[in-house]
Each structure stands twice: as C-alpha cells, then as structure tokens.
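What you see is a predicted model, and the numbers here were worked out from it, not measured in a lab. FYI, the numbering just counts along the sequence from 1. In each ligand, atom 1 is the first atom listed, and ligand 1 is the first ligand listed.
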Amino acid sequence: MREGIIVKALSGFYTVQTEEGLIVCRARGKLRLDGTSPLVGDRVVCAQDHDGSGRIDRVLERKNWFVRPAVANIDALVFVAANTNPITDPFLIDRVSVIAADAGCELILCVNKTDLDSAENLCRIYRKAGFSVIPTSAETGEGIDDLRQLLRGKVCAFTGNSGVGKSSILNRLVPGAALPTAQVSEKLGRGKHTTRHVELFQLDENSYAADTPGFASFEIELMKPIPKEQLQFDFPEFAPDIGSCLFQDCSHRKEPGCAVRGSVEAGRISESRYRSYLRLYDQSAQLKDWERKEKNT
Ligand code: GDP
Ligand code: ZN
C-alpha cells in the first residue's frame, strides 16, 4: 500500500504520484459504487501489482473540491490581477476571495505586469484586508521567487481574467524555465487540448499547480453562490467587528450601530471591499430558494 496524489485523470485511468514515482491506476469497483469517484488532487491509498498495473483502494478525506475544473484539495487560489492591459475589476477579486474563504483555501493575490504599472492601489487594498500580495512581472521576473516560496508545499490553482499573465507566470514557475516559451507551453499541454480536463503540474518536490487547458481559469460564474448570512465570515477583515454591532443579527448594511460600517468609516476596512460585500449580499438575497438549491447541486 502506498499513499500518493492523483495528478491526472483520463478515461478511468488515474496517474498517482507516490514517493516511488508515478503509478497508473484504475479505481477499485467499490469506490465507484459508493459515489466517491476520485478527482485530480485527491490523496489516495493505492497498490501496484507485479505487472505494474495499479489500483486505487481508498480516497482520503478531502479538504475541498471544485466542479469546474474538477479538482480536490486546493490549498491556495492564486488570483492574478493587473492594473493595465487588462485592468482587473476589484469586484472579481472579491468574488474569488469569498469562494476561496468558503472552501478553506488561502487567497494569494499576484499583482502582475508591474513593469508597466505598479498597481499600488490594488496592493494597498488587499494587504490591508490581510491577504498575501505579491507584485510580479512575468516580463522581468520580479516577484517570481517570492511567489514560488509562498507556494512551497501547496497545491494551488491560478485564476484571473484573461490576458493578465497566468500562463506567463506558470511558465516562469516551471523548473528549467530557461526553455523557449513554445516548448514550455507544449510541456504544460496548452493549446493542444480541446477537452476540459485538469492536471497537476509539479512545481517542486511537493508543490503543484493545477493546470487547466481548455479553461480560461476557474469558472467563477458557475460556482455556487454563498448564502447572504455566510458572506460576512468570508471577509476576514470583518472578523474583529462581528459580534460588536448593536444588533446581533446585523447584516452590516443600514442598521444603526454597525461596527463593520464603523470600521469602514474609520478607514480600517477598505471601501472597495465593503462595496463588494454589499453587492454580493444583494446578489445572494435576490436568489430565489429554488435557484439556490439548483446551483448547489
Ligand atoms: P493569461 O491569459 O492570463 O494566461 O495571460 P498570458 O500569460 O497569455 O499573457 C497575456 C499577454 O500579456 C502576453 O502577451 C504576455 O506576454 C503579456 N504579459 C504577461 N505578463 C506580463 C508582464 O508581467 N509584463 C508585461 N509587460 N507583459 C506581460
Ligand atoms: Zn453590523
């Protein structure tokens, strides 16, 4: 019996990275019967026969999992943003930060294209909210080592609007990145696949990045909305104020004596983050019960 992590899944075959190397496995029949079909990112117990064929016996408990792409146990979502060509709307970052918080992943903000625009405003907002913010330039290499350091020992996935530099940063992170870009792209499998599958790409001995050829990134639109009462807990900078509002069930919108709003007025919480909270709250409140159920299934 060995433990490992599924790095690739294709037509019922799972490639498992173990300490002794890669083993291609099928899932034991019982796994499929009880509905736990393995996902890329799953930690599994597997065995290898004399003929080299492998079998997954057990899927260990998941920390989290996503539907599109179908991937489990993401430790960190890396949101790549830029303040020029294209300009990232902070609301998009806030939506992803809420999804990350809800799934128990760390959010890392990578502010890219700093050779063109230092994006100080974005850095300020998200540092203040308590996130790790790494200014990077895939062009000059600035910040790439800091990012690599921060990803050590983690399984991460990249997201962010198209054109911000996700592929360029991934290419920089890949070991031996002195390869010409085209070759690295081939290695990453970009541009060749039309099917929507996900693979874990090894960054170093125990760090992985989920690479999703065929996806722009995580499909945020399709992710389940967060119930409005839950949202406040997914804004980590609200935490010191929760419980200090005049009303116990304060929604932090218009109620008198709201401690969260007090912190916004005092400048401890960024207005832009607070505006996103209000917008997400309204979006969630507008969902009918049946829509909520549908999206959650
Ligand atoms: P993706 O859609 O997020 O994967 O973005 P790409 O990695 O394909 O990058 C989009 C464009 O931006 C490409 O032309 C890159 O060369 C360029 N680019 C990416 N990162 C940087 C950067 O840090 N600085 C500059 N000046 N250009 C960049
Ligand atoms: Zn309040």
Going by an N to O cut-off under 4.0 Å, is there a salt bridge joining [X] and [Y]?
X: R275; Y: D94; answer: no
X: R148; Y: D146; answer: no
X: E237; Y: K128; answer: no

Crowded around Q230 CD? As in, over 12 foreign heavy atoms under 6.0 Å?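 Yes, because the 6.0 Å sphere around CD of Q230 holds more than 12 heavy atoms from other groups.
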
Do other residues, nucleotides or ligands put more than 12 heavy atoms under 6.0 Å from the CD atom of E205?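 Check fails, neighbour count at 12 or below.
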
For ligand 1, the portion of V164 having any non-hydrogen atom under 4.0 Å away: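 The answer is both, backbone and side chain.
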
Regarding E120 and S118, do their side chains bring together a donor and an acceptor under 3.5 Å, going by distance alone?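 E120 vs S118: donor-acceptor pair found between side chains.
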
Could you say whether the N/O atoms of [X] and ligand 1 ever approach to under 3.5 Å?
X: L116; result: no
X: D115; result: yes
X: T136; result: no

Should one rank K113, E139, E142 by closest heavy-atom distance to atom 17 (C) of ligand 1, which comes out on top?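 Nearest heavy atom to atom 17 (C) of ligand 1 lies in K113.
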
Minimum-distance atom from the Zn ion (ligand 2) among N, O or S atoms of H252: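 Of all N, O or S atoms belonging to H252, ND1 is the one nearest the Zn ion (ligand 2).
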
To the nearest 10°, what's the angle at the Zn ion (ligand 2) between atoms SG (C245) and SG (C250)?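 C245 SG and C250 SG form an angle of 110° at the Zn ion (ligand 2).
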
With heavy atoms of [X] as the reference, note each atom of ligand 1 found under 4.0 Å away.
X: S168; value: 6 (P), 7 (O), 9 (O), 15 (C), 19 (C)
X: S137; value: 23 (O)
X: A138; value: 20 (N), 22 (C), 23 (O)

Is the Lys NZ or Arg CZ of R26 less than 6.0 Å from the centre of F13's six-membered ring, within 45° of the axis?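 Cation-pi check for R26 and F13: passes.
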
